[in-house]
Amino acid sequence: MGATLEGRKAVVTGASSGIGEATALAFANAGATVALGARRKDRLEDLAKRIDAEGGSAHVFEVDVGDEAAARSFIEGAAEQMGGLDILVNNAGVMLLGPVEGGDTDEWRQMIDVNVLGLLYCTQAAMPLIRDSGGGNIVNISSVAGRVAGMGAGVYNFTKFGVVGFSEALRQEAMHSGISVTVVEPGFVETELQGHNKNPVVVEAIEKMREATGEVLRAEDIAAAIHYVVSQPQRVNIGEMLIRPTGQQR
């Protein structure tokens, strides 16, 4: 189980699958109370039942974090239900790859709404609540695509590079409130993220990368890293974690 998070209250966005689901489970197993946020309420309810069955505590919130009012209501409502807020994991994200020329601008807006604006909305709402709880952690999930750009991933790179830069600026601001800020940059993780893509050229490129990499990461690998980050003493701020499969070249 690792270090205890007993008594801590955490919000996890994008908790209906993948890294968000695994992180919520890891936190609950370590003793934290968790607020689960995502658009798929049925998946969240199933996860909450699993957590409850294992002796944990979870609260379900159906939310689109790209909606500013909904995101703020979610964060504030979660803190109210849990009796405070210590940890925010900004995990919600979409990856819709393809060239810029002829690209689907609705997909661009969707990525910017979720990957960038949703993260900003949740962070702004959470900061005073975490400060008032005595300090804590904000963990932003970026990607190796926030460090290494590639053809066909331009807009996704744009959003994830933004998360990396924002996280460092936020770290400098939030330290005065006792809040540690970490950006986590996963490489190829076996989640639903790749399945967001329907363009056959993109799908083929993803499969070739999977084959070249060999064994890819699991959501539980990233959840364990996030658990490690938030279990550090308040004097410790792990600012950045880049986590790739051993066989991933870029």
Side-chain angles (χ1 to χ4, degrees), residues 12-15 17-23 26 65 88-100 103 107-108 110-120 123 137-171 180-199 201-230 237-250:
V12 181
T13 72
S17 66
I19 293 170
E21 178 183 16
T23 300
V65 296
L88 169 64
V89 180
N90 281 309
N91 167 72
V94 291
M95 180 180 75
L96 301 167
L97 305 180
V100 172
E107 291 185 349
W108 298 357
Q110 185 180 355
M111 283 192 285
I112 291 168
D113 282 347
V114 177
N115 300 0
V116 178
L117 292 175
L119 184 148
L120 291 173
T123 297
N137 299 83
I138 296 175
V139 180
N140 297 326
I141 307 303
S142 178
S143 168
V144 69
R147 292 280 298 269
V148 180
M151 182 177 65
V155 180
Y156 184 65
N157 287 142
F158 178 76
T159 66
K160 292 303 186 178
F161 268 77
V163 170
V164 173
F166 170 73
S167 297
E168 172 56 19
L170 183 69
R171 183 194 66 79
S180 295
V181 178
T182 303
V183 60
V184 178
E185 300 150 332
F188 200 128
V189 185
E190 191 63 68
T191 70
E192 295 180 2
L193 199 66
Q194 296 82 25
H196 294 165
N197 294 278
K198 304 304 178 187
N199 183 320
V201 175
V202 171
V203 171
E204 181 181 1
I206 290 171
E207 288 309 308
K208 284 182 177 178
M209 183 178 178
R210 186 197 305 273
E211 291 172 10
T213 300
E215 186 175 8
V216 301
L217 297 172
R218 303 173 185 175
E220 292 78 11
D221 300 328
I222 308 304
I226 296 168
H227 179 191
Y228 174 77
V229 164
V230 303
N237 188 148
I238 299 171
E240 185 174 17
M241 296 185 80
L242 175 60
I243 308 170
R244 289 184 176 99
T246 302
Q248 183 171 337
Q249 184 174 8
R250 296 185 63 194

Check whether any side-chain heavy atom of I226 sits under 4.5 Å from a side-chain heavy atom of I19, and report yes or no. yes

Which atom of L97 lies closest to which atom of Y156, heavy atoms considered: CD2-CB, 3.8 Å

Under a 3.5 Å distance rule, please check whether T182 uses its side chain to pair with a backbone N or O of V139 as donor and acceptor. no

Note, D221 side chain near I243 side chain (heavy atom, < 4.5 Å): no

Closest non-hydrogen atoms of M111 and L96, given as atom of the first, atom of the second and distance, are CE-O, 3.2 Å

Are Q249 and M209 side-chain neighbours, meaning at least one heavy-atom pair lies under 4.5 Å? no

Mind listing the closest non-hydrogen atom pair of P186 and S142 along with its distance? CD-O, 3.5 Å

Distance-only donor-acceptor check, side chains T123 and N90, under 3.5 Å: yes

Quick one, E240 and R147 - any side-chain contact, counting heavy atoms below 4.5 Å? yes

Donor-acceptor pair, side chain of R250 and main chain of A149, under 3.5 angstrom: yes

Heavy-atom closest pair (V164 atom, G146 atom, distance to 0.1 Å) is CG2-O, 3.7 Å

Would you say that more than 12 heavy atoms from the other residues, nucleotides or ligands in this model lie under 6.0 Å from the CD of E215, or not? no

Taking all non-hydrogen atoms of both residues into account, name the closest pair between A92 and G14 and its distance. CB-N, 3.7 Å

Would you say the side chain of N91 lies within less than 4.5 Å of the side chain of T23, judging by non-hydrogen atoms? no

Distance check, rounded to the nearest 0.5 Å: E190 atom CD versus E220 atom CD? 11.0 Å

Before accepting this row, confirm whether a basic side-chain N of the pair K208/E211 lies closer than 4.0 Å to the acidic partner's carboxylate O. no

Hey, are the side chains of N115 and K160 touching, using non-hydrogen atoms and a 4.5 Å cut-off? yes

Once you round to the nearest 0.5 Å, how far does CD1 of I138 lie from CZ of R171? 13.0 Å

Under the side-chain contact (heavy atoms from CB on, under 4.5 Å) rule, what do F166 and L120 come out as? Steps first, then yes or no, please. CA-CA 9 Å; F166 170 73; L120 291 173; 3.4 Å; yes

Identify the two heavy atoms, one from T213 and one from P245, that lie closest to each other, and give their separation to 0.1 Å. CG2-CB, 3.7 Å

side-chain contact (heavy atoms from CB on, under 4.5 Å) between N140 and V181, worked out: CA-CA 8 Å; N140 297 326; V181 178; 4.3 Å; yes

Within the 4.5 Å heavy-atom criterion, are V144 and Q248 side-chain neighbours or not? yes

Test your reading of the model: is there a side-chain donor-acceptor pair from N157 to the backbone of G150, 3.5 Å cut-off? yes

Flag yes if more than 12 heavy atoms outside F158 fall under 6.0 Å of its CZ atom; otherwise flag no. no

